[in-house]
Number of protein chains: 2
Amino acid sequence: MDVTASSSKNGESARDRISRQSLHGEILTRLRTMIVEGDLDPGMRINEVQICEQFGVSRTPLREALRSLASEGLVELVPSRGAVVREFTAKEVRDTIVLIRTLEQFATVNACDLASDADIGEIRALHDAMEKAYEAGDRRHYYGLNQDIHTRLVALADNAALSQVHATLQARMKRFRYAGHAGPENWARAMAEHEEMIEALEARDPDRLSSVIGQHLTAAWERVADLFAETEDGAKETH
Amino acid sequence: MDVTASSSKNGESARDRISRQSLHGEILTRLRTMIVEGDLDPGMRINEVQICEQFGVSRTPLREALRSLASEGLVELVPSRGAVVREFTAKEVRDTIVLIRTLEQFATVNACDLASDADIGEIRALHDAMEKAYEAGDRRHYYGLNQDIHTRLVALADNAALSQVHATLQARMKRFRYAGHAGPENWARAMAEHEEMIEALEARDPDRLSSVIGQHLTAAWERVADLFAETEDGAKETH
DNA sequence: GTTTTGAATTTTGTATACAGAATATTGATC
DNA sequence: GATCAATATTCTGTATACAAAATTCAAAAC
């Protein structure tokens with residue numbers, strides 16, 4: 001989501017100047033990452049002063065960031081009780097993934113039409129890098145590239161509102177989908193689906209691409225659904 | 001979007017207690033309305049102290065509300081220059097309406113499946129009320145009911161993420177779509193399209209409903225596109 | 001032993017204060 | 001008269017202060 005980083009080697013200060021967000025923006029990015037990557041557990045109350053000390057800032061910009069996160073659907077604001085890391089029910093996760101599926105399928109129509117060969121080449125490069133990460137067993141790197149590919153695919157549709165909504169929903173689901181590639185066979189299947197995706201894109205076949213994405217995200221939900229079932233069992237276990 | 005108001009006559013204080021949001025929430029609602037209804041012109045800088053005095057609050061909750069509005073895409077935050085009422089290009093409006101169309105068409109599938117007769121009856125009642133408003137020439141009332149109908153239709157799909165995204169996008173477009181019913185013939189056409197929509201819903205025919213919604217929102221864009229063309233001419237005129 | 005009540009503590013919600021950046025204004029120079 | 005520079009003012013960004021609500025903890029009542 002952050003596209004400010006450039007590849008310039010020197011000019012450190014100049015680049016910093018440009019990318020230097022307001023404190024509020026900086027906190028927003030960091031908190032979002034913490035929630036989305038699972039550093040903060042769902043249902044956990046966010047203690048403002050604690051986070052403030054951790055970040056070395058005052059409560060004002062932190063609270064502003066929390067409001068933004070609430071609008072993004074990553075935290076819930078309970079009156080007089082502050083911010084709570086949002087919990088998602090299985091249904092909410094399913095509904096959100098289905099919505100993401102719809103958005104990506106919508107994107108395919110324009111994407112196949114508008115994408116330049118260079119655009120597709122870049123996505124193919126990401127895909128090949130992802131395959132390498134897969135073979136190396138580097139899940140974190142794999143998953144980062146995986147999200148990038150979906151984001152880039154949607155970006156090809158050249159619809160800013162679509163991209164923004166997609167990014168927000170994808171952030172909400174990041175935690176789950178990461179866990180959704182848990183078992184080796186799940187991971188292998190997801191990889192195979194991606195291979196098909198990239199081929200359909202290279203063929204500029206929107207119907208096929210849409211169909212593959214449909215399968216990919218339906219399967220994604222199934223993988224996550226297993227996870228929810230397991231979690232419930234686990235919860236019972238700990239009683 | 002605000003569903004807290006009830007129709008109780010007495011018990012004023014109790015109801016107020018319940019619906020009493022935080023200042024931040026109150027300001028957010030009021031500012032959103034002001035932007036969405038066109039009281040604040042796009043491109044206009046929002047002077048914090050001025051709004052604070054107008055609302056009788058301090059800058060802290062106002063700034064929190066502005067952050068939320070930025071996440072909703074209604075204002076833009078320019079570093080060191082504060083909040084600006086967001087301007088939309090013709091392309092952004094078109095892309096957003098097309099996205100809304102996609103979301104509503106997606107909703108129809110589950111809506112026709114899940115909706116109870118009572119649900120559909122309620123929407124029919126809204127539609128009839130809207131027709132009365134149309135015949136009475138009450139554009140504001142008509143338009144409020146119009147939005148309600150679309151919101152309720154999407155709600156029938158029983159997908160919270162979908163409803164939230166749809167509401168956000170609809171809010172962004174409210175100003176334009178209101179203006180989009182300008183001429184009598186535009187208004188009549190929009191009304192006719194809605195009549196077809198409600199019939200397709202009552203027939204629980206998702207394909208027909210989807211098709212009608214597609215036409216309705218494509219036409220909506222065309223009406224708004226005319227508006228953009230006019231505005232451009234008008235801008236030239238005033239030079 | 002459990003429940004309840006009430007003070008002590010923590011935490012949130014809002015207002016205010018202050019520093020730095022942006023904008024407006026005034027005066028000087030060409 | 002126009003343009004530029006320097007100062008004054010305004011406005012934003014952040015920190016801090018204070019009040020009210022919630023939570024905790026302990027003691028008392030059952």
Side-chain angles (χ1 to χ4, degrees), chain A residues 4 13-32 34-35 40-72 74-87, chain B residues 4 13-32 34-35 40-72 74-87:
Chain A
T4 51
S13 63
R15 182 161 64 84
D16 274 2
R17 183 92 57 82
I18 298 281
S19 70
R20 171 61 61 224
Q21 306 182 26
S22 60
L23 264 190
H24 146 264
E26 189 97 12
I27 296 169
L28 176 59
T29 304
R30 284 182 64 177
L31 260 185
R32 189 194 288 118
M34 285 173 70
I35 293 175
L40 269 49
D41 285 332
M44 206 178 99
R45 247 176 93 168
I46 294 178
N47 187 315
E48 292 180 3
V49 286
Q50 181 191 315
I51 302 283
C52 283
E53 282 168 13
Q54 187 178 335
F55 286 6
V57 298
S58 79
R59 284 175 57 218
T60 308
L62 171 65
R63 283 176 60 86
E64 290 175 358
L66 287 174
R67 304 299 136 155
S68 295
L69 288 173
S71 288
E72 292 179 18
L74 289 174
V75 307
E76 244 166 336
L77 296 176
V78 187
S80 299
R81 270 199 267 176
V84 175
V85 180
R86 181 159 164 200
E87 290 180 294
Chain B
T4 51
S13 64
R15 184 161 63 85
D16 274 1
R17 183 93 57 80
I18 297 282
S19 71
R20 169 62 60 225
Q21 305 181 26
S22 61
L23 264 190
H24 145 263
E26 189 98 12
I27 297 169
L28 176 58
T29 304
R30 286 183 62 177
L31 261 184
R32 189 193 289 119
M34 286 172 70
I35 293 175
L40 268 48
D41 284 332
M44 205 179 99
R45 247 177 92 169
I46 295 179
N47 187 317
E48 293 179 4
V49 286
Q50 182 190 314
I51 302 283
C52 283
E53 282 167 12
Q54 187 177 335
F55 287 5
V57 297
S58 79
R59 284 175 57 220
T60 308
L62 171 67
R63 284 176 59 86
E64 289 174 358
L66 287 174
R67 287 334 193 271
S68 295
L69 288 173
S71 287
E72 292 178 19
L74 290 174
V75 307
E76 244 166 337
L77 296 176
V78 188
S80 299
R81 268 198 268 176
V84 175
V85 180
R86 181 159 164 199
E87 290 180 295

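Residue numbers begin at 1 in each chain, while the letters A, B, ... track the order of the sequences. Remember, predicted model here, so these are calculated numbers, not experimental data. Keep in mind that the numbers below use all heavy atoms, side chains included, and drop hydrogens, waters and symmetry copies.
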Can you check the [X] [atom1] to [N] [atom2] distance for me, whole Å?
| X | N | atom1 | atom2 | answer |
| --- | --- | --- | --- | --- |
| A/F55 | D/dA15 | CZ | P | 13 Å |
| B/I46 | D/dT10 | CD1 | C1' | 17 Å |
| A/Q50 | C/dT11 | CD | P | 9 Å |
| A/R59 | D/dT16 | CZ | P | 12 Å |
| B/E64 | C/dT12 | CD | P | 12 Å |
| B/H24 | C/dT14 | NE2 | P | 9 Å |
| A/L23 | D/dT12 | CG | P | 18 Å |
| B/E53 | C/dA15 | CD | P | 13 Å |

Given [options], the nucleotide with the shortest approach to the side chain of [X]:
| X | options | value |
| --- | --- | --- |
| B/R45 | D/dT23, D/dT12, D/dT14 | D/dT12 |
| A/S58 | D/dT14, C/dT14, D/dT23 | D/dT14 |
| A/V49 | C/dT11, D/dA15, D/dG13 | C/dT11 |
| B/S80 | C/dT14, D/dA15, C/dA22 | C/dA22 |
| A/N47 | D/dT14, C/dT14, C/dT12 | C/dT12 |
| A/R63 | C/dA17, C/dG13, D/dC11 | C/dG13 |
| A/R67 | C/dT14, D/dT14, C/dG13 | C/dG13 |
| B/E48 | C/dT11, C/dA15, D/dG13 | D/dG13 |

5'-most by nearest nucleotide on DNA chain D - A/P61 or A/P79: A/P61
The single option from A/L77, A/V84, A/L66 passing side-chain contact (heavy atoms from CB on, under 4.5 Å) against A/I46: A/L66
pair B/F55-B/L31: side-chain heavy atoms closer than 4.5 Å: yes
Sugar-phosphate, base or nothing in reach of B/L77, heavy atoms under 4.0 Å: nothing
Sugar-phosphate, base or nothing in reach of B/I27, heavy atoms under 4.0 Å: nothing
Result of checking B/E64, B/E48, B/E53 against B/R59 for salt bridge (Lys or Arg N to Asp or Glu O under 4.0 Å): B/E48
Heavy-atom closest contact (B/S71 atom, A/S71 atom, distance): CB-CB, 3.4 Å
Heavy-atom closest contact (A/S68 atom, B/R67 atom, distance): OG-CB, 3.6 Å
B/R81 vs C/dT23: side-chain N/O to OP1/OP2 distance below 4.0 Å: yes
